[in-house]
Each structure stands twice: as structure tokens, then as C-alpha cells.
Amino acid sequence: MNDQPKESRFTVLLALAANLGIAIAKIIAAVVTGSVAMAAEAAHSIADTFNELLLLAALRRSGRPADRRHPLGYGKERYFWSLLVAVAIFGMGALFAFVQGIQALIGHTRAESDPIVGYIVLAVAFLLESLSWRQAMRQVRADARHHELELFAYIRRTDEPTSVSVLLEDSAALVGLLLAFAGLGLHHLTGVAAYDGIASILIGVVLSAVALLLGRINRNLLIGNQADPRLVRGVKELLAAAPEIEWVVDIITLTMGTDQILVCARLDFRDDLTAGQVERTCVRLTQALREGWQEIDEVFLEPVPRDDPVLRERVIARYGRVTPQPGATPEGDEPGAFTQ
């Protein structure tokens with residue numbers, strides 16, 4: 001997707017503008033009304049504004065080209081900064097909401113004044129957040145269609161956490177606004193401050209859930225995810241179909257950044273090939289892999305004997321089992337023949 005970086009940047013900038021305006025309005029409303037739920041929402045919007053700056057840094061720094069110190073590029077920087085977003089959501093938003101809610105429940109809060117200002121700010125904030133949410137949802141759905149995945153499957157598997165981060169932030173913001181409206185309204189109607197405190201605690205719960213989800217997505221990407229299983233199967237089938245290859249011994253794929261996949265394959269070449277033929281085959285297969293999958297960035301092909309016992313043990317230790325070569329007959333599944 002050639003336009004993905006520009007689209008992601010626009011999504012983040014739109015969210016930044018919306019959250020900055022909303023944060024200022026919520027702070028004023030929290031001071032005027034004295035609502036702890038509104039204060040929690042103000043902290044939430046401040047955290048979101050800070051988060052958009054982190055996401056912009058992620059987009060800029062992860063796009064730098066590879067150099068001598070980082071020969072595989074800077075793609076994983078996007079996951080580092082996105083992980084900080086998850087930490088900021090929890091630390092700056094959720095914890096503040098919990099503290100405000102608990103203080104309201106134990107009576108450590110000032111009396112709430114006329115909540116009309118709060119209602120107006122919440123309505124305007126909901127409108128602005130909806131615009132940002134719509135843009136983020138549009139991009140995430142487009143990316144999911146591009147990868148031929150259902151929306152939730154794409155969110156779980158994505159290697160592009162920027163737009164997903166904005167979508168989850170905005171979704172949490174919309175839910176938080178509804179909770180703040182309920183808390184403010186019930187406090188206004190009944191005079192019971194506990195409703196405001198409960199709303200603030202529930203906002204903290206929502207933010208904590210989003211922070212944990214984002215943290216899990218980025219943790220897996222930082223540790224090193226395997227590429228999409230469909231890509232792995234396709235790579236294996238392409239290599240196994242080459243007439244020079246007798247066996248695909250092992251395949252390792254690693255997500256190095258957004259649409260940046262590293263492929264390492266150990267291949268058992270025919271014994272009658274010369275060294276020059278093996279070299280030319282490796283060049284041809286590398287080119288075929290890159291043409292077949294644009295996200296494949298680096299390819300390393302290693303000639304190995306499939307009956308090597310040390311290599312066999314390493315593969316079994318990694319995958320826990322020996323599986324037959326695609327298309328092989330049971331008779332061909334000899335003890336030393338293995339693949340991912």
C-alpha cells in the first residue's frame with residue numbers, strides 16, 4: 001500500500017487536532033462543573049493528545065532507511081513508540097480516572113455546580129471524536145480488506161499498530177464520553193455524587209482494557225512475530241515447487257516493521273547441482289519471493305542436508321514436531337526429512 005504512510009499520518013493528525021481541542025474544553029468544563037467524571041475525561045483527552053505526538057514520532061522514526069548500525073532498518077521503532085502509547089493511556093488516563101472516582105465515592109470532592117456546560121462540552125467532544133473515529137475506522141477497514149482479513153482478525157494480526165491505536169483510543173473515548181454523560185446526569189438528577197465517581201472508575205476500566213490490548217499487540221511485534229501464516233504457506237509452496245529443491249528443511253519468518261518481512265529458509269538442493277547453479281537458483285528464488293509478496297524485504301537462503309541430526313533437533317525444539325513436506329507421500333516422510 002503505497003499510500004499507507006500518508007493515510008496513517010493524516011489519521012493521527014486528525015486525531016491530534018480533535019483531542020487537543022477536546023482536552024481544553026473538558027478542562028474548562030471540569031473546573032466549572034466540579035464533575036470528577038469530567039475531570040477523568042479531561043485527563044483521558046490529555047493522554048490521547050500526548051499519544052498522537054508519540055504516534056507521529058513512530059511514523060517518522062520508523063521510516064528511516066537501513067544503515068550500517070541498523071542493517072534491517074528502523075521498522076520496529078513504530079512498535080516501541082506505540083507501546084509507550086499503551087503505557088501513557090494507562091498511566092495518564094486510567095490511573096487518574098481511578099483516583100478521581102475513589103475520591104468521589106469516599107466524599108473527597110467539591111459540590112457540583114450547574115452541569116449545563118458539561119453537557120455541551122460532552123456533546124461537542126462526542127461529535128469531534130466521532131469524526132476522528134470514522135477516519136480511523138475507514139483506514140483500518142481498508143487495511144483489513146487489503147490483507148483479506150476480517151476486521152477483528154486484522155486488529156489481532158496487524159503489523160501496523162498506528163491506525164489501530166487511534167481506532168482503539170477513539171473507541172475508548174466515545175465510550176468514556178457516554179459514561180461521563182451518565183455520571184454527570186445522574187449526579188445532577190439525584191444529587192448523589194457516587195454516580196459521578198462510579199462513572200470515573202468505569203472510564204478507568206475502559207482505558208485499562210484498551211491499554212492492555214495495545215500493549216499485547218505491540219509486545220508481540222517487538223518480540224518478533226512470524227509473518228501471516230498464509231504468506232508462510234505460500235513461500236513454502238513456491239520454494240518446494242522449484243526443480244532444484246529436494247526438500248524445504250526449515251522456514252523462519254519475522255516481522256521487522258510495517259510491511260517488512262524477513263524470510264530465512266534452509267533448503268536441501270539436489271546433489272547433482274554445481275555451486276554456480278545453486279547460487280543462481282538462490283538469486284532466482286529470492287527475486288520470485290519479492291515479486292510474489294511486496295512485504296518481503298530481506299531473503300536469506302541456506303543450502304543444508306535434510307538428514308543432519310543437529311539441525312533436525314533444532315527444528316523439532318522450535319516447532320515441537322516433525323511435519324511432512326508439502327505434497328510428500330508417507331513413504332517420502334523419512335526421519336530426517338522435516339520442515340516448518
Side-chain angles (χ1 to χ4, degrees), residues 1 65-76 146-149 157 159 220-340:
M1 290 182 296
D67 53 37
R68 181 174 296 180
R69 293 189 61 189
H70 299 87
L72 296 177
Y74 292 81
K76 283 186 177 289
H146 176 83
H147 290 87
E148 299 179 351
L149 289 171
R157 297 187 192 178
D159 61 1
N220 291 335
L221 290 167
L222 279 170
I223 292 173
N225 264 2
Q226 176 184 258
D228 190 315
R230 296 171 300 176
L231 182 147
V232 177
R233 286 194 297 269
V235 168
K236 187 183 300 182
E237 291 170 0
L238 186 150
L239 295 174
E244 299 88 350
I245 305 300
E246 288 191 346
W247 212 264
V248 178
V249 178
D250 189 18
I251 294 179
I252 298 174
T253 60
L254 189 64
T255 300
M256 299 303 300
T258 301
D259 289 335
Q260 291 180 316
I261 302 298
L262 171 71
V263 175
C264 301
R266 294 186 173 109
L267 308 171
D268 186 3
F269 288 82
R270 291 201 334 254
D271 292 337
D272 61 342
L273 297 179
T274 66
Q277 289 173 320
V278 171
E279 291 170 351
R280 287 190 291 273
T281 300
C282 288
V283 172
R284 190 188 81 243
L285 292 177
T286 297
Q287 182 177 356
L289 290 173
R290 286 177 172 163
E291 289 176 352
W293 294 272
Q294 292 183 353
E295 57 265 49
I296 293 180
D297 186 47
E298 292 287 350
V299 179
F300 298 94
L301 304 178
E302 179 186 4
V304 297
R306 69 176 179 264
D307 57 357
D308 181 80
V310 176
L311 183 57
R312 173 186 171 87
E313 289 179 5
R314 287 179 62 86
V315 175
I316 293 177
R318 184 186 306 125
Y319 301 113
R321 66 184 186 278
V322 176
T323 59
Q325 178 76 358
T329 62
E331 293 78 8
D333 187 19
E334 54 192 77
F338 49 96
T339 185
Q340 182 178 345

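What you are looking at is a predicted structure, and each value in this text was computed from that prediction instead of being measured.
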Student check: side-chain heavy atoms of [X] and [Y] closer than 4.5 Å:
X: H147; Y: R157; answer: no
X: T281; Y: L285; answer: yes
X: L239; Y: L267; answer: yes
X: I261; Y: W293; answer: no
X: D259; Y: D159; answer: yes
X: W247; Y: P305; answer: no

task = Go through the structure and list residues passing side-chain contact (heavy atoms from CB on, under 4.5 Å) with A66, not counting sequence neighbours.
result = none
key: Non-neighbouring partners of L254 that pass side-chain contact (heavy atoms from CB on, under 4.5 Å), sequence neighbours left out   = M256, L262
task = Find the distance between SG (C282) and CD (Q277) and round it off to the nearest 0.5 Å.
result = 12.0 Å
request  = Working to the nearest 0.5 Å, report the span between CG of D250 and CG of D268.
outcome  = 13.0 Å
key: Under 3.5 Å: donor-acceptor pair, side chain of K76, backbone of T255   = yes
Just jot down the side-chain hydrogen bond (donor to acceptor under 3.5 Å, both in side chains) partners of [X], sequence neighbours excluded, or say none.
X: E295; value: none
X: Q287; value: E291
X: E148; value: none
X: N225; value: none

Mind checking salt bridge (charged side-chain N to carboxylate O under 4.0 Å, His left out) for [X] and listing every partner two or more places apart, or none if nothing turns up?
X: R280; result: none
X: D272; result: R270
X: R230; result: D228

task = Identify the two heavy atoms, one from E246 and one from D271, that lie closest to each other, and give their separation to 0.1 Å.
result = OE2-N, 4.5 Å
remark   = Tightest non-hydrogen contact, residues A227 and T253, listed as N-OG1, 3.1 Å
key: Listed partners of Y74 passing ring-ring contact (aromatic ring centres under 6.0 Å, His included), at least two apart   = H70
Result block: side-chain N/O donor-acceptor pairs under 3.5 angstrom for residues 296-303, not counting sequence neighbours:
from, atom 1, to, atom 2, distance (Å)
E302, OE1, R266, NE, 3.2

